[in-house]
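Just so you know, residue 1 is the first one in the sequence shown, and it goes up from there.
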Amino acid sequence: MNRLEQANHILYDLGLMNELNKYGKPHLIGSVKMELMAWNDLDIDIENESMSLDKLYQLTKFILDNFNPTWYEAKEEINEQGNKVWFHGFEFYLNNELWNVDIWFLDKDTIEKAEKYCDDISKKMKDNEQLRNAIIEIKKELINRNLYSFDKYTSIDVYDAVLNKGIMNTDEFMDFYSK
């Protein structure tokens, strides 16, 4: 199974999407939505403005019971706009491969902005496998060098480099973005 097939297995065969539908409307975002997966990572935003601690505990129980995570975090926080948001993050093994799942409960406007961003990236790559491959390869190499994280380089940096600056490999990326 390739990464996308494995992602679908997690989402549908293992019941994650069915469970998430109980809490609001799930939206796949990020690399799985754009088919730019360089590693085993799922990002899901859920429209839900009525999340509660009880619901957080229910979803926590489902995740712990069904995925046996090696790492798990759930929290309520206030975002930059002053809105309450909820986060569930966990890592677990599927077929001896580590997977990361990030689930955010957000307002509809925030999710629409994230989806528009993903759609814009997808449109820029439409029918251009060279761009798609460059993005995936740069992301993979940054991961291998332990340079792919929130405080170093992110997917957004890679998308900007390839799609807006014409950078097509990791060496060019490092030269341009040396942080």
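- Sorted by first then second residue, the salt bridge (Lys or Arg N to Asp or Glu O under 4.0 Å) pairs that include residues 25-47, not counting sequence neighbours, are K33-D119.
- The salt bridge (Lys or Arg N to Asp or Glu O under 4.0 Å) analysis of residues 56-76, with sequence neighbours excluded, yields the pairs K61-D65, E73-K75, K75-E77, E76-K84.
- Between W71 and N100, some side-chain heavy-atom pair lies under the 4.5 Å cut-off.
- Residue pairs that meet the salt bridge (Lys or Arg N to Asp or Glu O under 4.0 Å) test with at least one member in residues 92-102, sequence neighbours left out, do not exist here.
- Scanning for salt bridge (Lys or Arg N to Asp or Glu O under 4.0 Å) contacts around E80 gives an empty result, with sequence neighbours left out.
- Linking ILVMFWY residues whenever their side-chain heavy atoms come closer than 4.5 Å, directly or via other members, places V101 and I46 in the same cluster.
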Does the side chain to side chain contact (heavy atoms under 4.5 Å, CB included) test come out yes or no for L131 and M168, once each step is laid out?
CA-CA 7 Å; L131 293 176; M168 297 301 285; 4.0 Å; yes
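- By the rule that hydrophobic residues join a cluster once side-chain heavy atoms approach within less than 4.5 Å of another member, M34 and I156 end up as members of one cluster.
- Evaluation of the salt bridge (Lys or Arg N to Asp or Glu O under 4.0 Å) rule for K55 yields no partner, not counting sequence neighbours.
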Show the numbers, then the answer: is there a side chain to side chain contact (heavy atoms under 4.5 Å, CB included) between I138 and V162?
CA-CA 9 Å; I138 292 170; V162 173; 3.7 Å; yes
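- For the residue pair S52 / Y57, no side-chain donor-acceptor distance below 3.5 Å is found, with atom types taken as modelled.
- In this structure, L142 CG and S149 OG are separated by 9.5 Å, a value rounded to the nearest 0.5 Å.
- Applying the side chain to side chain donor-acceptor pair (under 3.5 Å) criterion to Q81, with sequence neighbours excluded, gives N79.
- Looking at residues two or more places apart in sequence or on another chain, you find a ring-ring contact (aromatic ring centres under 6.0 Å, His included) between F87 and W104.
- In terms of heavy-atom proximity, G30 sits nearest to C118 at N-SG, 3.3 Å.
- With sequence neighbours excluded, the residues satisfying ring-ring contact (aromatic ring centres under 6.0 Å, His included) with F90 are F67, F92.
- Residue pairs meeting the salt bridge (Lys or Arg N to Asp or Glu O under 4.0 Å) criterion with at least one member in residues 14-23, sequence neighbours excluded: E19-K22.
- One side chain, S50 or N48, offers a donor N or O that lies under 3.5 Å from an acceptor on the other.
- Legend: residues meeting side chain to side chain donor-acceptor pair (under 3.5 Å) with K113, ordered by chain and number and at least two apart, are absent.
- Closest approach of I111 to L106, counting heavy atoms only: CD1-O, 3.7 Å.
- Using a 4.0 Å cut-off between a side-chain N of Lys or Arg and a carboxylate O of Asp or Glu, E112 and K116 do not qualify as a salt bridge.
- A donor-acceptor pair shorter than 3.5 Å can be found between the side chains of Y72 and T60.
- Expressed to the nearest 0.5 Å, how far CD1 of I103 lies from CD1 of I44 amounts to 5.0 Å.
- Applying the ring-ring contact (aromatic ring centres under 6.0 Å, His included) rule to F173 yields the partners Y153, Y177; only residues at least two apart in sequence or on another chain are considered.
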Under 3.5 Å donor-acceptor pairs involving side-chain atoms of residues 3-11, not counting sequence neighbours:
unit_1 : atom_1 : unit_2 : atom_2 : d
R3     : NE     : N40    : OD1    : 3.1
R3     : NH2    : A38    : O      : 3.4
E5     : OE1    : N2     : N      : 2.9
Q6     : OE1    : W99    : NE1    : 3.4
Q6     : NE2    : M1     : O      : 3.4
N8     : ND2    : L4     : O      : 3.3
H9     : ND1    : D13    : OD2    : 2.9

